[in-house]
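Quick notes on the structure that follows.
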Amino acid sequence: MKGILSPSLMCADVMNLERELTVLDELGVEYIHLDFMDNHFVPNITLNTDLIKATKSVLKHMKRDIHLLAFQPQQYFDAMEIGEGDIVSVHYEACPDDLAQVLADIRKRGAKAFIAISPDTKPEVLNGYLDKIDGVVVMTVYPGFAGRPIVPGSMEKLAAVRKLLDNSGYDLLMEVDGHVSWELCAQMRECGADMFVAGSSSLYQKGLDMKEAVARMSELVK
Ligand code: DX5
Ligand code: ZN
């Protein structure tokens with residue numbers, strides 16, 4: 001399976017989001033990465049629920065890859081109109097008591113359930129959930145803001161998570177989120193990443209032609 005791009009909308013031109021979505025949709029990009037932050041799990045607020053819901057009326061082919069950096073993430077699912085075709089990622093660290101129930105709620109809505117793990121969280125925490133998920137988001141930066149540096153040891157962590165997923169007996173995707181740069185994305189692919197959140201260190205670098213940038217990144221992670 002070829003590498004899947006998921007450009008991060010919070011890194012796009014926030015004054016022209018509909019145009020940014022349409023450009024990617026027309027280029028045949030498979031997913032758009034939509035970060036929702038509650039200013040509590042992380043000290044930032046980005047795309048809100050109304051905007052995430054409104055993307056459904058704009059997207060023709062592209063699917064939503066929704067990343068909730070929020071406590072009690074299930075409280076936002078109705079407002080975002082979570083449904084068929086969506087990937088919904090919730091943080092292990094943000095659901096200490098009810099992660100299995102939150103994952104089941106995502107699947108009940110017809111969406112794919114992913115667990116996101118922050119840099120300081122060990123891959124082994126996933127062991128209790130492998131039958132309840134469709135994939136994992138490995139954060140290779142400390143979450144909350146674009147433009148952060150990659151955390152040392154991230155490549156080894158990607159390889160360790162890949163091994164854990166492959167040994168599970170389930171067909172599980174691994175998404176990498178954070179500093180997916182031109183220089184590092186091919187190495188992330190070699191470590192076993194399937195999906196790539198392309199943000200400020202690649203597709204949304206200033207002055208790039210998006211068509212050329214998408215073609216270049218697709219080649220690097222094929
Ligand atoms: C950060 C978000 C990412 C962010 C990545 O917490 O989860 O999706 O957009 O941006 P870069 O590519 O700049 O690290
Ligand atoms: Zn994200």
Quick check: closest heavy atoms across L173 and M1, and the distance to 0.1 Å? CD2-CE, 3.4 Å
Do E175 and H33 touch side chain to side chain, with heavy atoms closer than 4.5 Å? yes
Side chains of V137 and I115, heavy atoms from C-beta outward: is any pair under 4.5 Å? no
Is there a continuous path of hydrophobic side-chain contacts, each under 4.5 Å between heavy atoms, that joins V221 to M188? yes
Just so I know, are the side chains of Y31 and I4 near enough to count as touching, which here means a heavy-atom distance under 4.5 Å? yes
Just by distance, do the side chain of N16 and the backbone of R19 share a donor-acceptor pair under 3.5 Å? no
Quick one about D120 and Y142 (side-chain donor to acceptor, distance below 3.5 Å, no hydrogens or angles considered), yes or no? yes
Min side-chain heavy-atom separation V214-V29 under 4.5 Å: yes
If you compare all heavy atoms of P123 against all heavy atoms of L164, which two are closest, and at what distance to 0.1 Å? O-CD1, 3.6 Å
Determine whether a donor-acceptor pair (N or O, by modelled atom type, separation under 3.5 Å) exists between the side chain of Q187 and the backbone of M155. no
May I ask you to decide whether D134 forms a salt bridge with R107, counting only side-chain N to carboxylate O separations under 4.0 Å? yes
Regarding Q74 and D98, do their side chains bring together a donor and an acceptor under 3.5 Å, going by distance alone? yes
Single-linkage hydrophobic cluster, 4.5 Å side-chain cutoff, L47 and I45 together: no
Check whether more than 12 heavy atoms from other residues, nucleotides or ligands sit under 6.0 Å from atom NZ of K112, and answer yes or no. no
Going by an N to O cut-off under 4.0 Å, is there a salt bridge joining E219 and K222? yes
I'd like to know if the side chain of Q75 reaches the main chain of Q72, judged simply by a donor and an acceptor atom lying under 3.5 Å from each other, with no hydrogens or angles considered. yes
Closest non-hydrogen contact found for V125 with T121 is CG2-CG2, 3.6 Å
Looking at side-chain heavy atoms only, is the closest gap between S218 and L5 below 4.5 Å? yes
At what distance, to the nearest 0.5 angstrom, does OG of S200 lie from NE2 of H179? 8.0 Å
Do you reckon I117 sits in the same ILVMFWY cluster as V88, going by side-chain contacts under 4.5 Å, direct or chained? yes
Sorted by chain and residue number, the side chain to side chain donor-acceptor pair (under 3.5 Å) partners of D25 (sequence neighbours excluded) come out as none
Please check if the side chain of K56 supplies one atom and the backbone of E81 the other of a donor-acceptor pair under 3.5 Å. yes
To the closest 0.5 Å, what do you measure between CZ (R162) and NZ (K157)? 15.0 Å
Walk me through whether D171 and L165 qualify under side-chain contact (heavy atoms from CB on, under 4.5 Å). CA-CA 8 Å; D171 185 15; L165 299 183; over 6 Å; no
Do F36 and H67 make the cut of ring centroids closer than 6.0 angstrom? no
Distance (rounded to the nearest 0.5 Å) between Y204 OH and E20 CD: 5.0 Å
Quick one: do the S6 and E30 side chains pair a donor with an acceptor below 3.5 Å? no
Is I66 reachable from Y92 through a run of I, L, V, M, F, W or Y residues, each pair having side-chain heavy atoms under 4.5 Å apart? yes
Do any N or O atoms from the side chain of K63 and from the backbone of I87 form a donor-acceptor pair under 3.5 angstrom? no
Would a distance-only check, ignoring hydrogens and angles, find a side-chain to backbone donor-acceptor pair under 3.5 Å from T140 to D177? yes
CG (L99) and CD (E93) are apart, to the nearest 0.5 Å, by 10.0 Å
Shortest non-hydrogen pair, G3 vs R189, comes out as N-NH2, 3.4 Å
Quick one: pull up CZ in R64 and CD1 in I52 and give me the separation to the nearest 0.5 Å. 7.5 Å
Any chain of hydrophobic side-chain contacts (each under 4.5 Å) joining V161 to L158? yes
So, does R148 use its side chain to make a donor-acceptor pair with the main chain of P143 at under 3.5 Å? yes
Check whether any side-chain N or O of S202 sits under 3.5 Å from a backbone N or O of A198 as a donor-acceptor pair, and report yes or no. no
S201 side chain reached by W182 side chain, heavy atoms, under 4.5 Å: no
Determine the sole option in L68, N48, L69 for which the side chain to side chain contact (heavy atoms under 4.5 Å, CB included) test with M37 is passed. L69
CD1 (I32) and CG (D65) are apart, to the nearest 0.5 Å, by 9.0 Å
If you measure from the Lys or Arg side-chain nitrogens to the Asp or Glu carboxylate oxygens, is any gap between D13 and K206 under 4.0 Å? no
Using the rule given for side-chain contact (heavy atoms from CB on, under 4.5 Å), can you reason through D35 versus N44, listing the C-alpha separation, both sets of side-chain angles and the distance that settles it, and then say yes or no? CA-CA 11 Å; D35 289 298; N44 195 5; over 6 Å; no
Show, in sequence, the C-alpha distance, side-chain angles and deciding distance for F145 and V42, and conclude whether the side-chain contact (heavy atoms from CB on, under 4.5 Å) test is met. CA-CA 9 Å; F145 295 87; V42 291; 6.0 Å; no
Do the side chain of S181 and the main chain of L184 share a donor and acceptor less than 3.5 angstrom apart? yes
For the backbone of M174 and the side chain of D194, can you confirm whether one donor and one acceptor N or O come within less than 3.5 Å of each other? yes
Assess whether side-chain contact (heavy atoms from CB on, under 4.5 Å) is satisfied between V136 and V138, documenting all intermediate values. CA-CA 6 Å; V136 172; V138 179; 4.1 Å; yes
Check the pair D78 / K53 against salt bridge (charged side-chain N to carboxylate O under 4.0 Å, His left out), numbers first and verdict last. CA-CA 9 Å; D78 286 342; K53 174 184 155 191; over 6 Å; no
Are the side chains of M62 and L21 in contact, using a 4.5 Å heavy-atom criterion? yes
Please report the closest heavy-atom contact between S8 and V197, naming both atoms and the distance. CB-CG1, 3.8 Å
For the residue pair D38 and Y76, establish whether any side-chain heavy-atom pair is separated by less than 4.5 Å. yes
Grab the two heavy atoms, one from V102 and one from C95, that are nearest each other, plus how far apart they are. CG2-SG, 4.5 Å
Look at the aromatic rings of F71 and F41 and report parallel, tilted or perpendicular, splitting at 30° and 60°. perpendicular
